[in-house]
Amino acid sequence: MPELPEVETIRRELAPELKGRRVTVARIRRRDIVGHPTPRALRERLKGAAFRGLGRKGKYLIARLDRGRELVFHMRLSGHLEVVGQDERPRFERARFELDDGRALSFVEPRVLGKVYLVEAGCYPPALRGMQAMGCEPVGDGFDRAYLADKLSGRKASVKSLLLDQRVCCGVGNIYSDEALFRARIRPTRPAGGLSSAEVGRLARSLRSVLADGIRWCGTTLSDGRYLRPGTQSGGFQRHLKVFGRKGEKCRRRGCGGTVERVKMGNRNSYYCPRCQR
DNA sequence: CTTGTGTCCTGTAGGC
DNA sequence: TGCCTACAGGACACAA
């Protein structure tokens, strides 16, 4: 499930491949993969488009094109991007952008929940309003205790559910929110507004550090292999997970001896150590 | 406005 | 062996 560190890794590894390239032909294998405009309009407008750079906002990957346009990708749960040779066609390829060097950018998304959008920069359609409403990035400027306190204060919802809210912590998903809460020693079920100032400070710092570590290790590839880097290598952060996916296993904090538990909140799982996290 | 729930989608794991 | 169900989960629509 690509979250901020995974999308950032894709951005860094794809950028040199796309530099100076043009799209010759866009092929849409599954219509539902196109979020805006229509598959036909996207195909027509993309013909000959040149890549100018690769950016990222939260979990969105943004390819800047010529004439002020942007090709925006969202991987959702299982998407990934890779540059492949002419004759290579990855399984679950949903869209393919042939490049002028004979290779192709392939958008692979087994579950077809991901989307690709072609838009005018700064003029986003309703389908992308989530991207505009996004809050501060935990890896960027302005994400500190004061910012987080403002977002969490007075809220009765669980701190976990608010960390997943992209208007609060853009780029954070299920894995990194659980890991950040572990580092901050806070239970995911705690009402957000009930955190002390010190806890909010710890949480802000933990989010920054866990995402930075995720980027350093090129993201998290779970045993299901849902996330892969553009060269189809695995990330490395799964080796550093303290709680996520470790239900029933021993807490990794030295001298703790607790057992990781899993709670279902809404329809998603949260993992935590009941001894370390209060 | 806030909060919780259901839905999208499809491959895979696990049960029987 | 093979079928069937539950599950994964980010974002959003919608209800209370």
Side-chain angles (χ1 to χ4, degrees), chain A residues 1-8 10 28-36 39 56-62 72-81 90-95 107-117 119 124-135 137-138 150-181 188-195 207 211 214 219-228 235 238 241 243-248 262-271:
Chain A
M1 52 228 70
E3 301 178 30
L4 189 153
E6 289 74 30
V7 180
E8 177 62 18
I10 293 170
I28 307 302
R29 311 263 187 229
R30 277 287 296 260
R31 299 180 57 83
D32 355 3
I33 208 74
V34 178
H36 184 88
R56 180 188 58 73
K57 194 169 179 185
K59 300 171 195 170
Y60 290 91
L61 184 75
I62 303 168
V72 179
F73 293 92
H74 198 299
M75 315 293 161
R76 288 285 188 111
L77 308 180
S78 54
H80 86 110
L81 286 163
R91 195 182 177 202
F92 308 128
E93 180 181 80
R94 305 307 188 191
F107 185 24
V108 177
E109 213 321 24
R111 295 187 188 164
V112 208
L113 290 172
K115 289 271 190 277
V116 56
Y117 311 82
V119 299
Y124 297 111
L128 276 176
R129 62 185 180 280
M131 192 168 88
Q132 296 177 275
M134 279 194 307
E137 292 218 351
D150 178 59
K151 294 289 187 184
L152 303 186
S153 74
R155 304 288 297 267
K156 290 181 178 148
S158 68
V159 59
K160 169 69 183 265
S161 70
L162 288 187
L163 292 187
L164 295 177
D165 186 333
Q166 300 302 294
R167 293 166 296 185
V168 176
C169 281
C170 92
V172 173
N174 215 26
I175 296 175
Y176 294 96
S177 57
D178 278 3
E179 294 298 313
L181 286 163
T189 47
R190 287 272 299 282
L195 299 187
L207 283 160
L211 290 167
T220 303
T221 300
L222 272 0
S223 54
D224 56 25
R226 273 201 296 261
Y227 157 73
L228 291 173
Q238 63 280 2
L241 296 176
V243 287
F244 188 86
R246 300 190 62 246
K247 183 195 174 194
R262 182 177 73 182
V263 278
K264 195 119 188 167
M265 306 176 65
N267 52 7
R268 50 180 33 91
N269 284 315
S270 286
Y271 299 86

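Residue numbers begin at 1 in each chain, while the letters A, B, ... track the order of the sequences.
- Taking atom CG of A/Leu163 as the reference point, atom C1' of C/dG9 lies 16 Å away to the nearest angstrom.
- Of the residues in residues 153-162 of chain A, A/Arg155, A/Lys156, A/Ala157 come within less than 4.0 Å of DNA chain B through at least one heavy atom, sorted by number.
- Nearest to the side-chain atoms of A/Asn174 among the listed nucleotides C/dA8, C/dG9, B/dC9 stands C/dG9.
- A/Leu61 places its CG atom 16 Å from the C1' atom of C/dG10, with the value rounded to the nearest Å.
- In this structure, CG in A/Leu81 is found 4.0 Å from CE in A/Met75, a value given to the nearest 0.5 Å.
- Rounding to whole angstrom units, CD1 of residue A/Ile175 and P of C/dG10 are separated by 8 Å.
- Looking at heavy-atom distances under 4.0 Å, A/Lys115 makes no contact with the nucleic acid at all.
- Formation of a donor-acceptor pair under 3.5 Å by the A/Arg94 side chain with backbone atoms of A/Glu109 is found in this model.
- Between A/Arg30 and B/dC9 there is no side-chain polar atom (N or O) within less than 4.0 angstrom of OP1 or OP2.
- The interatomic distance linking A/Lys151 (NZ) with B/dT2 (C1') rounds to 14 Å, in whole Å.
- Atom NZ in A/Lys59 sits 13.0 Å away from atom CD1 in A/Ile10 (nearest 0.5 Å).
- Candidate nucleotides B/dT10, B/dG11, C/dG9 were compared by shortest atom distance to the side chain of A/Phe92, and B/dG11 ranks first.
- Between A/Arg155 and A/Leu162, the shortest heavy-atom distance links the atoms NH2-CD2, 3.2 Å.
- Rounded to an integer number of Å, the gap from A/Leu222 CG to B/dT12 C1' is 14 Å.
- With respect to A/Asp178 and A/Lys160, a salt bridge is recorded, a charged nitrogen being found less than 4.0 Å from a carboxylate O.
- Between the CG atom of A/Leu77 and the P atom of B/dT10 there is a distance of 13 Å, rounded to whole Å.
- Distance check: A/Cys170 SG to A/Leu4 CG gives 7.0 Å after rounding to the nearest 0.5 Å.
- Between A/Tyr60 and A/Tyr117, the ring planes are tilted. Angles from 30° to 60° get that label.
- Going from atom NZ of A/Lys115 over to atom NE2 of A/His36 covers 13.5 Å, rounded to the nearest 0.5 Å.
- Here the CG-OH distance, from A/Leu181 to A/Tyr271, works out to 14.5 Å after rounding to the nearest 0.5 Å.
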Just do the side chain to side chain contact (heavy atoms under 4.5 Å, CB included) check on A/Ile62 and A/Met131 with the steps written out, would you? CA-CA 11 Å; A/Ile62 303 168; A/Met131 192 168 88; 4.2 Å; yes
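- At the heavy-atom level, A/Tyr176 lies nowhere under 4.0 Å from the strands shown.
- Remark: P of C/dA8 and CZ of A/Arg111 are 10 Å apart, rounded to the nearest angstrom.
- To the nearest 0.5 Å, atom CG of residue A/Leu222 and atom CD1 of residue A/Ile175 are 5.0 Å apart.
- If you measure from atom CZ of A/Arg29 to atom P of B/dT10, you get 17 Å, rounded to the nearest angstrom.
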Reading 5' to 3' through nucleotides 11-16 of chain C, protein heavy-atom contacts under 4.0 Å coded B for base, S for sugar-phosphate only, - for none: SSS---
Take A/Tyr227 and A/Gln238, measure what side chain to side chain donor-acceptor pair (under 3.5 Å) needs, and give me the verdict at the end. CA-CA 11 Å; A/Tyr227 157 73; A/Gln238 63 280 2; over 6 Å; no
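- Five base pairs at each end of the helix from B/dT2-C/dA16 to B/dC16-C/dG2 define two local axes, and these are offset by 50° (rounded to 10°).
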